[in-house]
K.L.:
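Input: one structure, supplied below.
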Protein chains: 2
Amino acid sequence: MKKNVSLKDIAEKVGVSTALVSYVLNGKMEGRISKEVAAQIKAVAEELNYRPNQIAKSLKTNRTHTLGLLLADIANPFSSQIARIIENEANKLGYTVIIGSSDEQVEKSKSLIQLFLNRQVDGLILSLPENSEEIVSDLKEKGIPFVLLDRYFPEISTNSVTIDNYSAAEAAIKHLQENNIARIGIVTYETSLFHLEERLRGALESCNGNATVGKVRLGNIEEDVEAAITAFLNPENKVEAIFFLSNLLAISGLKYLNKLQVTIPDQLAVIAFDKTDAFDLFYTTITYVNQPMNAMGVEAVKLVQQAISGVPTETTVNLQTELVIQHSTTG
Amino acid sequence: MKKNVSLKDIAEKVGVSTALVSYVLNGKMEGRISKEVAAQIKAVAEELNYRPNQIAKSLKTNRTHTLGLLLADIANPFSSQIARIIENEANKLGYTVIIGSSDEQVEKSKSLIQLFLNRQVDGLILSLPENSEEIVSDLKEKGIPFVLLDRYFPEISTNSVTIDNYSAAEAAIKHLQENNIARIGIVTYETSLFHLEERLRGALESCNGNATVGKVRLGNIEEDVEAAITAFLNPENKVEAIFFLSNLLAISGLKYLNKLQVTIPDQLAVIAFDKTDAFDLFYTTITYVNQPMNAMGVEAVKLVQQAISGVPTETTVNLQTELVIQHSTTG
DNA sequence: ATAATCAGTTTAATCGTTTAAGCAACTGGT
DNA sequence: ACCAGTTGCTTAAACGATTAAACTGATTAT
């Protein structure tokens, strides 16, 4: 692998010091440098196809222009979509993104964050698993710029970008009630993640007790979803609609409902929190809570960039969702 | 943001030189260092919670332990799945991965690769868009370690990990023929990407002219897929089965077939190249060509790591696919 | 004539590591 | 008593950039 062209190479070829080359190529000290030399330096840089070594630059400036992005799992559509948006947005601002998947494990999160920090990222965008409070307070204490995305911890005040989970769930239930659906089965994860608790709270408080909840363990999604649905379909439960509190739960659920040949919406209404491309292949369109993915990504990058540039805020950006009404609840 | 602990801090606290600290913490010069001092250094490092600055390390060693991964679009399931596998595999070997999405554009690919190189990545894993031959030969010439993934250019010999697209398509068609399906509609992209050409060639050569091809423009997937399917369904074409040469095409296609209320497999058989979670929500299971995603990721990382460590190979790893036969072709 | 100003450039320190080379104090063989 | 070899450590250069400070002539002001 050929050695890269360095400032020194240019300096030697032109016959000046590396300092001058640096000044010229960075456009500093404009006006204090003779036009001819500047032009020559630029020409030689071009000729040798000079690319600054970001590593060296970073060492000196203490800025890597890199962000660490921690997601639950880059292979799941919610994560990969948001990753894409953040990648774009970060690139626009001159940042590169390193991504890691926590698999909802605190230990993995810790070690990925440590890895990010060892690589001197300028800031972090984090979607943390449950029980990560310690991670958050650690980062706060160390003064590392970060922003929480999607998941947050109400007892710790931080920069964060979230959606209004409570209202979103509430709106979903209201919509069902307006369509004369009273008894609702709610499928959620067995978790202490605040955003999911809020969704559940929003749903339950709107249901006035007319709800059955099925909790799903992370390691056992398929089976537990099936168990929950089976319970819902037990005639004595009289469930008329299922509200899935995440898109993965909805996929599992719809798959099972397909298998059971329960027809949507005739025998059962369905509503999902967050959408996925997969819904497109279902025989009927699915009503869902639409998350403003783009805004989430954009705001997260904006906030972390603010934090990096030293603005000492603890800003919570709370975004509104939109209920997209389709045939699975109105058929 | 607090300053990080450096070798110097440890050295001062213990009262030795930074060199010694470095030797101890890297386990070099074992036996030439007194056990007591070594222990003390380690203790202080632990106490101060020392984390080596990877940037400084990289500058000196010329190794960043970072890989650049270029994908078509991290938001699409094929890309994000492979990204996940590569991330895991790379992490195991001590590499961090930076991901970029080319959006099938050569210019974007170039600038992302340049960005990767500016950040001194040790190697590249690339899924390039069409007409990227120049990029590949450039990299070859510069001696930069890289491996092509999924897409490759037959006229340029490089490290690459691919599947046997020809055989895969052939097997798919053979399967249809065994089920007495003769007239086949093939949906592919309008592209010169070799892997897609191979799929098409494999399919066509097995069809003995009994095929109609629909080509889809990248910017216009939805509409063009619909147009292709409309043509297939024209009675004079007598198409009995549709073979989608990529999962995104299949999603679009199935969605449209849903809309048209064409029943699969009764009125039409369907077979897809590569699968996606979305198939799970279709009312019938879809026969598809299964790509060995895991092996692809693993082999790609293995090859690039070999290239990085200086093994001067031009190895093509060609993996076999598996036809997963389900109801969409056998109903 | 002398000092001050200014343009144009260089010097040299620095970021946090790594690592070859050097050095001092022992040990042991002859 | 002397050289060689070992042990245990330090020195200092280097990686490739940035940047404050210094320097050199020339020009202008007093």
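Below, chain A is the first sequence line, B the second, and so on; all start at residue 1. Just so we're clear, the structure is a prediction, and the values are computed from it rather than from any experiment. Note that these values count all heavy atoms, side chains included, but never hydrogens, waters or copies made by symmetry.
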K.L.:
Rounded to the Å, how far apart are Met29(B) CE and dG22(C) P?
P.N.:
14 Å
K.L.:
Between the side chains of Asn159(B) and Thr313(B), does any donor sit under 3.5 Å from an acceptor?
P.N.:
yes
K.L.:
Base, sugar-phosphate, or nothing for Ser17(A), non-hydrogen atoms under 4.0 angstrom?
P.N.:
base
K.L.:
Going by heavy atoms closer than 4.0 Å, what residues in residues 6-16 of chain A are next to DNA chain D?
P.N.:
Ser6(A), Leu7(A)
K.L.:
Quick one: on DNA chain D, does Ala19(A) or Arg32(A) contact a more 5' nucleotide (nearest heavy atom)?
P.N.:
Ala19(A)
K.L.:
Answer with base, sugar-phosphate or nothing: what part of the nucleic acid does Ser22(B) contact at a heavy-atom distance below 4.0 Å?
P.N.:
base
K.L.:
Rounding to a whole Å, what distance do you find between Glu30(A):CD and dA7(C):C1'?
P.N.:
15 Å
K.L.:
Could you check whether Thr66(A) and Arg119(A), counting side-chain N and O atoms only, form a donor-acceptor pair closer than 3.5 Å?
P.N.:
no
K.L.:
Identify the 5'-most and 3'-most nucleotides of DNA chain D with at least one atom closer than 4.0 Å to a non-hydrogen atom of chain A.
P.N.:
dG16(D) to dA20(D)
K.L.:
Report, one pair per line, the protein and nucleotides 25-27 of chain C atoms (nitrogen or oxygen only) whose separation is under 3.5 Å.
P.N.:
none

K.L.:
Decide if the gap between the ring center of Tyr152(A) and the ring center of Phe194(A) is smaller than 6.0 angstrom.
P.N.:
yes
K.L.:
Start with the C-alpha gap between Glu314(B) and Thr158(B), add the side-chain angles, then the distance that decides, and say whether side chain to side chain donor-acceptor pair (under 3.5 Å) holds.
P.N.:
CA-CA 5 Å; Glu314(B) 286 175 353; Thr158(B) 60; over 6 Å; no
K.L.:
Can we say Glu104(B) and Arg151(B) salt-bridge, meaning some charged N sits less than 4.0 Å from an Asp/Glu carboxylate O?
P.N.:
yes
K.L.:
How many Å lie between CD on Gln120(B) and P on dT17(C), as a whole number?
P.N.:
19 Å
K.L.:
With side-chain contact (heavy atoms from CB on, under 4.5 Å) as the test, would you mind laying out the steps for Thr316(A) and Thr162(A) before giving the verdict?
P.N.:
CA-CA 7 Å; Thr316(A) 296; Thr162(A) 59; 4.3 Å; yes
K.L.:
Show the numbers, then the answer: is there a salt bridge (charged side-chain N to carboxylate O under 4.0 Å, His left out) between Glu47(B) and Lys42(B)?
P.N.:
CA-CA 8 Å; Glu47(B) 181 197 339; Lys42(B) 281 179 188 157; over 6 Å; no
K.L.:
Please work out which residues in residues 51-65 of chain B have a non-hydrogen atom less than 4.0 Å from an atom of DNA chain D and list them by number.
P.N.:
Leu59(B), Lys60(B)
K.L.:
Could you pull out all residues at least two apart from Thr18(A) that satisfy side-chain hydrogen bond (donor to acceptor under 3.5 Å, both in side chains)?
P.N.:
none
K.L.:
Who are the side chain to side chain contact (heavy atoms under 4.5 Å, CB included) partners of Ser101(A), not counting sequence neighbours?
P.N.:
Asp73(A), Ile74(A), Arg84(B), Glu87(B)
K.L.:
Do Asp103(A) side-chain atoms and Gln105(A) backbone N/O form a donor-acceptor pair below 3.5 Å?
P.N.:
no
K.L.:
After noting the C-alpha distance and the side-chain angles of Ser22(B) and Asn26(B), does the key distance pass the side chain to side chain donor-acceptor pair (under 3.5 Å) rule?
P.N.:
CA-CA 6 Å; Ser22(B) 172; Asn26(B) 288 305; 3.3 Å; yes
K.L.:
Which of these, Leu128(B), Leu149(B), Ile98(B), sits in a side-chain contact (heavy atoms from CB on, under 4.5 Å) with Leu70(B)?
P.N.:
Leu128(B)
K.L.:
Rounded to whole angstrom units, what separation is found between the OH atom of Tyr23(A) and the C1' atom of dT11(C)?
P.N.:
10 Å
K.L.:
Could you walk me through whether Thr64(A) and Gln120(A) pass the side chain to side chain donor-acceptor pair (under 3.5 Å) check?
P.N.:
CA-CA 7 Å; Thr64(A) 53; Gln120(A) 317 296 125; over 6 Å; no
K.L.:
With a 4.0 Å limit, can you tell me whether Asn4(B) has a side-chain N or O closer than that to the phosphate oxygens OP1/OP2 of dG16(C)?
P.N.:
no
